[in-house]
Structures are given as C-alpha cells and as structure tokens.
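Data block below; observations after.
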Protein chains: 2
Amino acid sequence: MGSPSGFLGIWMERGRHLVRIGKRESLIRAADSLFHRQGLEHTSLADIASAASVPLGNVYYYFKTRGDLVKAVSENRLAGLRARREEWGAIASPRERLLAWVENFETYTDECTAHGCRIGGFCQEANKQGGAIADEAASVLRSTLDWIFDQFRAMGYGERQAREHAGRMLSARQGSILLSNTFKDPEYIRLETARLLKWLGELPADKKEKKK
Amino acid sequence: MGSPSGFLGIWMERGRHLVRIGKRESLIRAADSLFHRQGLEHTSLADIASAASVPLGNVYYYFKTRGDLVKAVSENRLAGLRARREEWGAIASPRERLLAWVENFETYTDECTAHGCRIGGFCQEANKQGGAIADEAASVLRSTLDWIFDQFRAMGYGERQAREHAGRMLSARQGSILLSNTFKDPEYIRLETARLLKWLGELPADKKEKKK
DNA sequence: GTCTATACCGAGATAGAC
DNA sequence: GTCTATCTCGGTATAGAC
C-alpha cells in the first residue's frame, strides 16, 4: 500500500520487507489484475499505466505494442503456475497433489465469483480475437491440463483414461466458475469443489485396482 | 444466400419460401452471429450494418444506442430458447426431455469448438463490463438453468437435489465447451456429452427410489 | 531512462438531405 | 423511412524535450 519513498506501484511486500520492483514488473502486475477484473478489451493502456503509476508514454519504453504487454502477462502467469507446481512437487503422492490443487480452490472462491477465472476467462476472450494471443492464452490452460494429466498418469492410469479424467476435472472447474461468476453466487464453485474432492477420494489408485 | 430482388440480408428461408424480413430483424441476426464469432467487444456497429446490408447511419433508426441492439440480441436469444423448449414440452417424461437436450449437443459441437458457447461466452464477456448487459446475459443462462431444474423437479427430486443436479449439468456443459474452444478439439465436448448421457440414464427417477 | 505533447485512427453517435 | 457526411471521443502509438 504505502511505500517508503512515496512512489506507488514500484514497491512490493516480499516476506517482511518492502522491495523495489522494476516498472516493467509493475506494469505486468497492474495489467494482470485489470485484465482479470475488467477484461482484456475493456482495459486501456492508460488504465494500466495509471494503476502502475507510470506515465502512459513510458509504457512504450518497456513494451513495443499492447500485444507485447498482453504476451508478457500471459508468460508471467505461466511462470507463476510453474512455480506453484514446483512447490507441490514436494507432496509425495499424485493423488494428494490433485487434492491439494482442489482444496486450494477455496482461496479463490470469492475472486472467481466476482471476476471469473483468470486463466479460463483470458482464454475465452482471446479465442474471440484469435491469432497469437489466443495461442498464448491456450498455452496457459494447456499447462494446467497437462499437469493434471501427469498426476493421473503417476497414479497408474493409461493415456486415454488419464486424459479423460483430466478433461473432466478441468471442465467441471471451469464450468462451475462460469456459473458462479454469472449468477454472483459462490455455491456452484463450492458444490463442484466438494464433488471433485469426493470423486478424487474414491478413485482407485490405478487401473489394475479399478477393474469395473 | 441469394435473394429474388438482389438485396442481401432482408430475405430469409422460412420453410421452402423466401420471405421478406425487416431490417430490424436483419440487424439482430447479423449482430447475434458476429457477437458469437468475434465477441461482443470486437464487433463494431459498422461490421453489423455491413453484414446486414444496412447503411451504418440507418442502424440508429432502429436502435437508439449500441446497448439497445445488444439487449435486443439477448432478448431474441431468450425467445428462441423458449420456443425450442415449447417444442420439447411435447416429450412425455422429464428425463427424456433432458436426454433430448443433451443429445442435441451434437448439432452444435463444431460451432462450439470454433467459437464457444453463444450463451456462456456472452455471459463471460458481459460479466466483465457489468451493468445492465451483464444482467441481460445472465438471464439467458438463468432460463436454461431453471429449465433443467424444472425437469429434475418433475422427476421427483427435492429443491436442493434438483438444484445440485442442474448446476452440475450446466457446469459440465459450459466447461467442456471452454476446453474444446480453447484447444480447438471437439473431443472434450463429446466426452462430456457421453458422460452426461450415461449419468442421466442411470439416475434414479426420484429420491424415494434413490436412498443411497 | 523518463515524461509531455500530440499525431492518428477507429468507433459510436448525430445532422440533415432525400 | 433511408442514406451520406460528419462530429466527437477515446485509444494506440510516436516524437522529441529533459
């Protein structure tokens, strides 16, 4: 919030210290947040510059075009996801990693109800304009899908079954966020989260055990 | 495609005849299609006017503002959904009505893979700008949710259970469309459709039978 | 590296002739 | 009712001083 020198948007809490972060990073953060809250189209460079306390003209020193900034936001999100999964790598079993993922939904319930899914909403918007931005956005969702897939593989499921399970989970997650966001009611997310936890808990460890 | 008089966008197939439709309706149709394909934001009045073969300035004779046109598109969709459900009213059992709904997904698979869900995508975009448009969009999705809910009620489920089931179905549907659209792969929709059909088929008729 | 001023363009909206 | 010309504004992007 406040900052030692009086300049906004260039300081950030890291642990218990306020550290200086570059303007480039400031702009990416501001853009990320505004894209999520207002949408890709509804956010002007002026909005972003103002939120990051950077003069409009200066934005172009860091990003040649608006598209470059969008791309940077996308890459930044991808990096964030990878970092989080890196941490989850410490969890011993793949099922527990998936459970950790789903349990973590709770944290985002209000945010998702208010503004939708950062990743899914981004894809949705990007799909409309197509081109490079759509591919960028898709790659972020793809990385999530792949990670889920990998967990099912590690649980012993074959390619096909793991793909189906991963699609089902991500699909349910995204759909429930859309409903909660549209109707401004977190219940859809909560019910889906509970369903997924139950389903994951009952799922046999590998397909040998499965034998339907 | 072609039209007797050479004017585009004012003629339409109805049964086996070409009938004259008003410019107002032409504009709504063109807008509906463009909003779906290009998104709400990416579509200018000039695009719409051009697609409907109506001069730009003339649009304002039919709609005072852009928002009014958006609203008209939304209302038109709602009317279309109601009409379709009217037809399905002829189907005797609620379970069969739900099955008819899901079986009908097939028809839209390619369209959804290419451009997402007309209704869900509209909500997603509208949610970002908020205000009256968001409410308009939400009401279209709401009417679908309510219809599904009614079918479960007619099957004998209580309020709470019917609400859960309806949320689950719509959520799965919307999520699967998002994945298919993002990854340009109809498989997510197809798998979800199959899952829903199976689930509906196995679902007990009412909660007295259910007794888990 | 930073910032101000401004060029330029596309979009919504209006005026007014026909 | 229909259409052309045009106004105005907001947005991306650039020029160029400091």
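Here is the naming used below: chain letters follow the sequence lines, and residue numbers restart at 1 for every chain.
- Counting only residues at least two apart or on different chains, the ring pair (Phe, Tyr, Trp, His ring centres under 6.0 Å) pairs with a member in residues 21-48 of chain B are B/H36-B/H115.
- Legend: side chain to side chain donor-acceptor pair (under 3.5 Å) pairs involving residues 172-183 of chain B, not counting sequence neighbours, sorted by first then second residue: A/N127-B/T182, B/N181-B/K184.
- In this structure, A/R168 does not pair ionically with A/E164, as no charged nitrogen and carboxylate oxygen lie closer than 4.0 Å.
- Atom pair B/Y60:OH and C/dA13:C1' shows a separation of 5 Å (rounding to whole Å applied).
- At least one side-chain heavy atom of A/E41 sits under 4.5 Å from a side-chain heavy atom of A/Q129.
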For nucleotides 1-5 of chain D, print each protein N/O atom paired with a nucleotide N/O atom at under 3.5 Å, atom names and distance only.
{"residue": "D/dG1", "atom": "OP1", "partner": "B/Y61", "partner atom": "OH", "Å": "2.9"}
{"residue": "D/dT2", "atom": "OP2", "partner": "B/Y62", "partner atom": "OH", "Å": "2.3"}
{"residue": "D/dC3", "atom": "OP2", "partner": "B/K23", "partner atom": "NZ", "Å": "2.9"}
{"residue": "D/dC3", "atom": "OP2", "partner": "B/N58", "partner atom": "ND2", "Å": "3.3"}

- request: Kindly indicate, with the supporting measurements, whether the criterion salt bridge (Lys or Arg N to Asp or Glu O under 4.0 Å) is fulfilled by B/R84 and B/E87.
  value: CA-CA 5 Å; B/R84 181 130 33 101; B/E87 291 171 27; over 6 Å; no

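- Atom C1' of nucleotide C/dA13 and atom CG of B/L27 are separated by 15 Å, given to the nearest angstrom.
- At its two ends the helix from C/dG1-D/dC18 to C/dC18-D/dG1 runs along axes set 10° apart, each axis drawn from five pairs and the angle rounded to 10°.
- Atom CD1 of A/I48 is separated from atom P of D/dA13 by 11 Å (rounded to the nearest Å).
- If you check residues 30-45 of chain B against DNA chain C, the residues with a heavy atom closer than 4.0 Å are B/S44, B/L45, listed by number.
- Classified by interplanar angle (parallel below 30°, tilted 30° to 60°, perpendicular above 60°), the ring pair B/W147/B/W88 is tilted.
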task: Report the C-alpha distance between B/R82 and B/E86 in whole Å, list the side-chain angles of each, state the deciding distance to 0.1 Å, and finish with yes or no for salt bridge (Lys or Arg N to Asp or Glu O under 4.0 Å).
output: CA-CA 6 Å; B/R82 275 201 245 273; B/E86 201 86 2; over 6 Å; no

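- Exactly one residue among A/V73, A/N58, A/I48, A/L45 makes a side chain to side chain contact (heavy atoms under 4.5 Å, CB included) with A/L27. That residue is A/I48.
- In this structure, A/K64 and A/D47 both approach DNA chain D, and ranking their closest nucleotides by distance from the 5' end singles out A/D47.
- Using a 4.5 Å heavy-atom cutoff, the side chains of A/Y108 and A/I189 are not in contact.
- B/D47 meets the side chain to side chain donor-acceptor pair (under 3.5 Å) test with B/S44; sequence neighbours excluded.
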